[in-house]
Amino acid sequence: MRCAGAGMASATLRARCPEPFAAGRGGTSRPGGDVPMRRLSNQLIATRREPPADASAVSHQLLARAGMLQQAGAGLFTVGPLLLRTLQRLEAIIREEHDALGCQELRFTHLQPREPWEASGRWQTLTEDDPIMLRTRTRSGAELGLGPTHEEQAALFAADGVSSHRQLPMVLYQIATKFRDEPRPRSGLLRTKEFTMKDAYSYDADEASAAQTYERLAEAYAAIFARVGLDTLRADADVGAMGGTMSAEFLAPAGIGEDFLASSDAGSYRANTEVARAALVAPPAPEQRPMSTVETPGATTMETLQPFVPDVPPERMVKTLLYGITTAEGGQEVIAALCRGDRSIDESKLAKATGAVEVAMADAAMIRSATHADPGYAGPVGLAEDVRVVGDHAIAEVQGFVCGGNATDTHHRDVWWGRDVALPELADLDRVADGDPAPDGGTLSLTRAVEVGHVFLLGTRYSEALGLSATGPDGVERPVWMGSYGIGIERLAAAVVEQHHDDKGIVWPTAVAPHTAVVVSVRAGDPDQDGLAERITGQLLDADVDAVWDDRDARPGVKFADAELIGFPWRITAGREAAGGRVELTWRATGETEVVDADYAVSRVAEDARRHRVRLNPR
RNA sequence: CGGGACGUGGCGCAGCUUGGCAGCGCGCCUGCUUUGGGAGCAGGAGGUCGCCGGUUCGAAUCCGGCCGUCCCGACCA
């Protein structure tokens, strides 16, 4: 990395070089000055025509083809120099938005002692029940977890310094590596075992203040994703294993997403399908008639049942599905889950409602023992005593319904809750689907999406467990309200690629591109072209534009294809008209090209860069 | 963890059914020509066929075990 040189633009370029290399040393064989890192000929550009066979997600394929990524193992990736620049830009944007709110950056340890995890009650959960935390032992026998998250440490750090409400509210954050032993890493960078995360922790004296802080962080998240150029929606989410009182996630619609976002066309309702509710209209109750039994040979599904009870619509039926669940303590239990005949059960909601760690459809033997019938005839009336019954809220509104008779080829009709059978425990078990009525009066549609950010209002769980409290204005000491806020950096980059690409490659938004502009000299060695290209590169750098010069001795087609695959927002091409000081200016997103004076190209790109300025080295 | 697939030069793949010299495309190296959309010609380098064991005169190929990777599901802070 030598930085001296005698080329025409070397004075300006030299100013950009790291101090120790900025002076001394002789010339170079390369034409026109010498700022190696600003020349693609000195960088490793390992583009490929074809993606590795293991890459299936578009973002994984394109990042791998662009040479920005290399897989080290399942869910483990080496981030190449170009991708690192993008990650650094993402981090810079996140820092700026957090610092603007007065958040303070710090760094927790990756290795965390067992004891605080014991104190919060999460050691067992995270190392045994759902062993997502990798752990190890020191030579002296101390047990350590490799941090999958840092609530415990966040509570402990604050406990050491916070004692009064006057020090609050406060937000601490870090940007650091997280380790999670994911059972199934997938889709390239979207789900990995090791990744960079921005995690923030908020501290407030009371709930009202905590809710405000939570809201401000959520707004900052929206601002961050907007700057990044990622289309995201904020949605109500599952509080999950974190525990807490409120939670929202930021979902970036993308075909590869693991989450489903239910959103209303009326615009005011959005939720992850894990918690989404449809606004179901209760079917009108029929005239009271005594419960009766109907012979229904072979009617083991809603469709085959319908002809036997033609006057009863599916919404006036109650479906009974039997599940075998595994509880957190390892126990096995049979659950009868009830929903309306026209609806279905969301198994993740069922798991949450029953406290199950695992839910599976019951097998035929379990069904026979619970119902004394072949599969397909289960119902709430007369189930085996030891079967726990849980119903979706919507079934409470259904009366005079049809349900399985717990005898082969038999159903009951005109069943009334309270009269014929007790209304069971109720919970939200309903699986929402495309076209369902939304709570805000609109219609729900489901979209695949990538979860790029998640915010939690935690309450006082961790502060109580770890001794974090503050004295209020009334002189009473109370546990501090905490919140926790995460953004996955690599996943964010991958989501951007999922949303911004075309058949030629990646189309980075300006704010997060590895470089804002690439200057291409069409024929390496042509003095006019090289001279102009280097001059432009220098001018761009002086204008604070992150530019590189593709000075490689390669055919133009290769350079163009690489520029498009890597996805630089701007390409300035010094070619035929270089001698006259004219270049082509190409906007990657549209492919639009115009022939302009070099100075105009520089100012045009500089203007775009200014609009999307990201400070890579703050302070 | 359940189901499915795959593992052969750097990358993508064929060969395996029916055992008999390890191949193709891209990339790489050298030379000449070429030079505005992934160049042409000529020459060349590069592979313990994932690992271990078995069967066989002989194994990339058949058998067993193991490891690794991907996809679907389960799970997911």
Side-chain angles (χ1 to χ4, degrees), chain A residues 45-57 60-61 64-65 67 70-76 120 122 125-126 129-133 147-152 178-188 190-193 195 197 199 237-244 247 249 256-259 272 274 323-326 347-348 351-352 356-361 450-451 453-456 458 461-462 484-488 491 504-505 520-526 529 552-565 571 573-578 583-584 586 591 593 595:
Chain A
I45 301 293
T47 54
R48 281 172 259 288
R49 281 169 194 270
E50 291 181 286
D54 284 344
S56 57
H60 186 185
Q61 292 183 344
R65 281 188 54 209
Q70 189 190 53
Q71 181 156 9
L76 300 170
S120 69
R122 295 209 292 181
T125 330
L126 297 189
D129 305 343
D130 179 17
I132 204 154
M133 181 156 66
T149 179
H150 287 79
E151 280 76 18
E152 285 78 2
K178 291 276 186 287
F179 304 89
R180 295 184 183 180
D181 191 1
E182 292 289 346
R184 189 185 154 206
R186 69 183 89 177
S187 306
L190 286 174
R191 186 169 204 80
T192 54
K193 285 179 186 274
F195 59 98
M197 183 175 185
D199 48 322
D238 184 5
V239 173
M242 294 289 290
S247 168
E249 54 196 15
I256 191 72
E258 297 178 40
D259 289 82
N272 192 307
E274 289 172 2
Y323 288 92
I325 67 163
T326 309
E347 293 182 6
S348 93
K352 207 183 332 155
V357 293
E358 202 179 317
V359 169
M361 294 294 294
V450 175
E451 177 194 341
H454 206 150
V455 295
F456 296 89
L458 296 171
R461 169 179 171 180
Y462 297 96
S484 145
Y485 314 83
I487 296 177
R491 180 184 284 189
K504 294 191 176 81
V520 175
S521 36
V522 172
R523 293 185 60 155
D526 178 297
Q529 294 183 10
R552 292 177 301 168
D553 181 16
R555 298 176 66 82
V558 172
K559 295 186 179 191
F560 296 159
D562 279 356
E564 283 153 354
L565 175 57
R571 191 181 84 210
T573 310
R576 294 190 196 93
E577 300 191 48
V583 297
E584 282 157 40
T586 304
T593 296
V595 178

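What you are looking at is a predicted structure, and each value in this text was computed from that prediction instead of being measured. Below, each value reflects all heavy atoms present in this structure, side chains not excepted, and no hydrogens, waters or symmetry copies. Chain letters run A, B, ... following the sequence lines, proteins first and then strands; every chain starts at 1.
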Novice: On a heavy-atom basis, which atom in Val522(A) and which in Gly575(A) lie closest, and how many Å separate them?
Specialist: CG2-CA, 3.8 Å
Novice: Provide the Watson-Crick or G-U wobble partner of C21(B), both distances under 3.5 Å; none if there is no partner.
Specialist: none
Novice: Would Glu451(A) and Asn272(A) satisfy side-chain contact (heavy atoms from CB on, under 4.5 Å), going step by step from the backbone distance to the final call?
Specialist: CA-CA 10 Å; Glu451(A) 177 194 341; Asn272(A) 192 307; 5.7 Å; no
Novice: For Glu564(A) and G36(B), give me the distance from atom CD to atom P, rounded to whole Å.
Specialist: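 So the two atoms are 16 Å apart, to the nearest Å.
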Novice: Any strand is fair game: report the nucleotide pairing with C32(B) by Watson-Crick or G-U wobble, both distances under 3.5 Å, or none.
Specialist: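 Base-paired to G40(B).
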Novice: If the sugar-phosphate is the primed atoms plus P, OP1 and OP2 and the base is the rest, what is the B/S/- string for nucleotides 69-74 of chain B, using protein heavy atoms under 4.0 Å?
Specialist: SSSBBB
Novice: Could you check which nucleotide pairs with U56(B) in any of the strands shown, counting Watson-Crick or G-U wobble with both distances under 3.5 Å?
Specialist: none
Novice: Mind listing the closest non-hydrogen atom pair of Ser348(A) and Glu274(A) along with its distance?
Specialist: OG-CG, 4.0 Å
Novice: Closest heavy-atom contact between Ile132(A) and Glu182(A)?
Specialist: CD1-OE2, 4.0 Å
Novice: Rounded to the nearest angstrom, tell me the gap between atom CZ in Phe195(A) and atom C1' in C76(B).
Specialist: 11 Å
Novice: Taking the P atom in each of A60(B) and G9(B), what is the distance between them to the nearest angstrom?
Specialist: 14 Å
Novice: Using purine N1 to pyrimidine N3 plus N6-O4 or O6-N4 for Watson-Crick, or N1-O2 and O6-N3 for G-U wobble, both under 3.5 Å, which nucleotide pairs with C6(B)?
Specialist: G68(B)
Novice: Determine the interatomic distance between C1' on G10(B) and the same-named atom on C66(B); round to the nearest Å.
Specialist: 27 Å
Novice: Touch check for Arg571(A), heavy atoms < 4.0 angstrom, all strands: base, sugar-phosphate only, or nothing?
Specialist: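 Base contact.
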Novice: Taking the side chain from Gln529(A) and the backbone from Ser521(A), do they hold a donor-acceptor pair closer than 3.5 Å?
Specialist: no
Novice: Using every non-hydrogen atom in the two residues, find where Thr149(A) and Lys178(A) come nearest and quote the distance to one decimal.
Specialist: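 Smallest interatomic distance, heavy atoms only, reads CA-CE, 3.6 Å.
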Novice: Does C1(B) pair with anything, Watson-Crick or G-U wobble, both distances under 3.5 Å, and if so, with which nucleotide?
Specialist: G73(B)
Novice: By nearest nucleotide on RNA chain B, pick out whichever of Pro51(A) and Met133(A) is the more 5' one.
Specialist: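 Between the two, 5'-proximity favours Pro51(A).
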Novice: To the nearest Å, how far apart are Lys193(A) NZ and C75(B) P?
Specialist: 18 Å
Novice: What is the distance, to the nearest angstrom, from the CD atom on Gln61(A) to the C1' atom on C11(B)?
Specialist: 14 Å
Novice: Does Thr47(A) reach a base, just sugar-phosphate, or nothing at all? Heavy atoms under 4.0 Å.
Specialist: base
Novice: For U8(B) versus U69(B), give the span between their P atoms, rounded off to a whole number of Å.
Specialist: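 Rounded to whole Å, the distance is 14 Å.
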Novice: Counting heavy atoms from C-beta on, name the nucleotide in G36(B), C11(B), C76(B) closest to the side chain of Glu258(A).
Specialist: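 Ranking G36(B), C11(B), C76(B) by closest atom to the Glu258(A) side chain puts C76(B) first.
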Novice: Arg65(A) CZ to G12(B) C1': how many Å, rounded?
Specialist: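 Spelled out: CZ on Arg65(A) to C1' on G12(B) is 12 Å.
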Novice: Pick the nucleotide of RNA chain B nearest each of Pro556(A) and Glu50(A); which residue has the one closer to the 5' end?
Specialist: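 This one resolves to Glu50(A).
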Novice: For the pair made of NZ in Lys559(A) and P in G36(B), what is the distance, rounded to whole Å?
Specialist: 12 Å
Novice: Taking the P atom in each of A59(B) and A39(B), what is the distance between them to the nearest angstrom?
Specialist: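 43 Å, rounded to whole Å.
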Novice: Does U61(B) have a Watson-Crick or wobble partner in any strand here, with both distances under 3.5 angstrom, and which is it?
Specialist: none
Novice: In whole angstrom, give me the gap between the P atoms of G54(B) and G15(B).
Specialist: 29 Å
Novice: Identify the heavy atoms of Met197(A) and Gly486(A) that sit nearest to each other, and give their distance.
Specialist: CE-CA, 3.5 Å
Novice: What integer number of Å spans the C1' atoms of C29(B) and G2(B)?
Specialist: 49 Å
Novice: How many whole angstroms separate atom NZ of Lys178(A) from atom C1' of C76(B)?
Specialist: 16 Å
Novice: Give a yes or no on whether a salt bridge exists between Arg122(A) and Glu151(A), defined as a side-chain N under 4.0 angstrom from a carboxylate O.
Specialist: yes
Novice: Find the distance Tyr323(A):OH to C75(B):P and express it as a whole number of Å.
Specialist: 11 Å
Novice: For His454(A) and Ser247(A), test the side chains for any donor-to-acceptor distance below 3.5 angstrom and give the result as yes or no.
Specialist: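 Ser247(A) and His454(A) do have a side-chain donor-acceptor pair below 3.5 Å.
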Novice: Show the nearest heavy-atom pair for residues Glu50(A) and Arg65(A), with the distance to one decimal.
Specialist: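 Nearest pair, atom of Glu50(A) first, then Arg65(A): C-CG, 3.8 Å.
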Novice: How far does the P atom of C11(B) sit from the matching atom of G58(B), given to the nearest Å?
Specialist: 33 Å
Novice: Given the C1' atoms of C52(B) and C28(B), what is the spacing between them in whole Å?
Specialist: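 Here C52(B) and C28(B) have their C1' atoms 33 Å from each other.
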Novice: Report each atom pair, protein N/O against N/O of nucleotides 39-42 of chain B, whose distance is under 3.5 angstrom.
Specialist:
from: A39(B); atom 1: OP2; to: Arg555(A); atom 2: NE; distance (Å): 2.9
from: A39(B); atom 1: O4'; to: Arg555(A); atom 2: NE; distance (Å): 3.4

Novice: Check step by step if side-chain contact (heavy atoms from CB on, under 4.5 Å) holds for Arg571(A) and Glu564(A).
Specialist: CA-CA 9 Å; Arg571(A) 191 181 84 210; Glu564(A) 283 153 354; 3.6 Å; yes
